[in-house]
Amino acid sequence: MGPTGGASRPGRFFGVYLLYCLNPRHRGRVYVGFTVNPARRVQQHNGGRRKGGAWRTSGRGPWEMVLIVHGFPSLVAALRFEWAWQHPQASRRLAHVGPRLRGEATFAFHLRVLAHMLRAPPWARLPLTLRWLRADFRQDLCPPPPPHVPLAFGPPPPRALAPRRRAVDTESELEHDAETRCTLCARVLQDEEDPLCCPHPGCSLRAHVICLAEEFLQEEPGQLLPLEGQCPGCKNSLLWGDLIWLCRMGTEEEEEDSELEEEHWTDMLEI
């Protein structure tokens, strides 16, 4: 199986969070947003618009970031999740989720929406982590998250830096790399292809993404994205999300130190 929810993974951090207002005048209000840096983002919200916070939270603090969902494979995937969580009544993926009930707290309603989102496509098959930043706010979700979505507590661990790939500088190494073949289809892996490699020691699996996805999906022929499968080489169980993260090691550019407001993305992110 893959690493636990507290393990540090390489690559960019994309998270969608839930703020809770502690101000007695506005207590109980919530806010859903996107971040690449949770600690900095909550400071911005509490600092107001002049410090980079959103206008909906400005002047109403203090705010506490109590929950964050992370592990999105891309910025767009995280922003789409954020938009749907903010606008469940407008998302075609959440048509089965009823509106806020009479007497239902806003916080409870947002948790109910989140519970259904984690079980609905396309999010149900993403390698996400549900992390409670404030354990005293924790509530069990109904329905519960899928088995492959771990539950974690406390701040996200520091982002592990992806090691740079060592430059190939000898003819013998070039020839060796040129003849590296996919374990499953036996075709030569081209320079522009990033093969998926098994992380278990001693396993020589190197495969095209499509080839390994088809191998994993033999038990789920109607799906496009695998959740997990058995390594064809060492027979160990592998989480698809972990394999993708390992594939991206060394290929990520440095994280941009900026936040994106959801209002700029509304038209393109509707889902």
Applying side chain to side chain contact (heavy atoms under 4.5 Å, CB included) to Thr183 and Ser204, what does each step give before you reach the verdict? CA-CA 8 Å; Thr183 304; Ser204 60; 5.7 Å; no
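The minimum heavy-atom distance linking Arg93 with Pro121 is given by the pair CD-O, 3.2 Å. When all heavy atoms of Leu189 and Cys182 are compared, the pair lying nearest together is CG-N, 3.9 Å. The two atoms that bring Met117 and Ala84 nearest to each other are CE-CB, 3.8 Å, heavy atoms only. Pairing each heavy atom of Pro195 with each of Arg206, the nearest pair is CG-NH2, 3.4 Å. The nearest pair of heavy atoms linking Leu205 to Cys231 is CD2-SG, 3.7 Å. Across all their heavy atoms, Leu130 and Val149 have their closest contact at N-CG1, 4.1 Å.
With Arg134 contributing its side chain and Val66 its backbone, the two residues share no donor-acceptor pair below 3.5 Å. Looking only at distances, a side-chain donor or acceptor of His148 sits under 3.5 Å from a matching main-chain atom of Ala124. Side-chain atoms of Trp85 come within 3.5 Å of backbone atoms of His110 as a donor-acceptor pair (strictly under, hydrogens ignored). Under a 3.5 Å cut-off, the side chain of Gln86 and the backbone N or O of Val32 do form a donor-acceptor pair.
Residues Leu151 and Pro145 have side chains not in contact (no heavy-atom distance under 4.5 Å, counting atoms from C-beta outward). In this structure the side chain of Leu184 reaches within 4.5 angstrom of the side chain of Pro232, judged on heavy atoms. For the pair Gln139/Phe107, a side-chain contact is recorded, criterion being any heavy-atom separation below 4.5 Å from C-beta on. Here the side chains of Leu128 and Phe72 are in contact, with some heavy-atom distance below 4.5 Å. The shortest distance between side-chain heavy atoms of Cys142 and Arg112 does not fall below 4.5 Å. A 4.5 Å side-chain heavy-atom check between Leu114 and Leu18 finds every atom pair outside the cut-off. Annotation: side chain of Arg29 is in contact with side chain of Trp63 (closest heavy-atom distance under 4.5 Å).
Aromatic ring orientation, Tyr17 versus His45: perpendicular (interplanar angle above 60°, classes split at 30° and 60°).
For Arg100 and Thr106, the side-chain atoms include at least one donor-acceptor pair closer than 3.5 Å. Side-chain contact of Gln43 with Arg40: a donor-acceptor pair under 3.5 Å is absent, judged by distance alone.
In this structure, the ring-ring contact (aromatic ring centres under 6.0 Å, His included) partners of Phe216, at least two apart in sequence or on a different chain, are Trp240. Taking Glu215 as the reference, nothing meets the salt bridge (Lys or Arg N to Asp or Glu O under 4.0 Å) condition, with sequence neighbours excluded. For Pro156, the side chain to side chain contact (heavy atoms under 4.5 Å, CB included) partners are Phe13, Pro38, Arg131, Leu133, not counting sequence neighbours.
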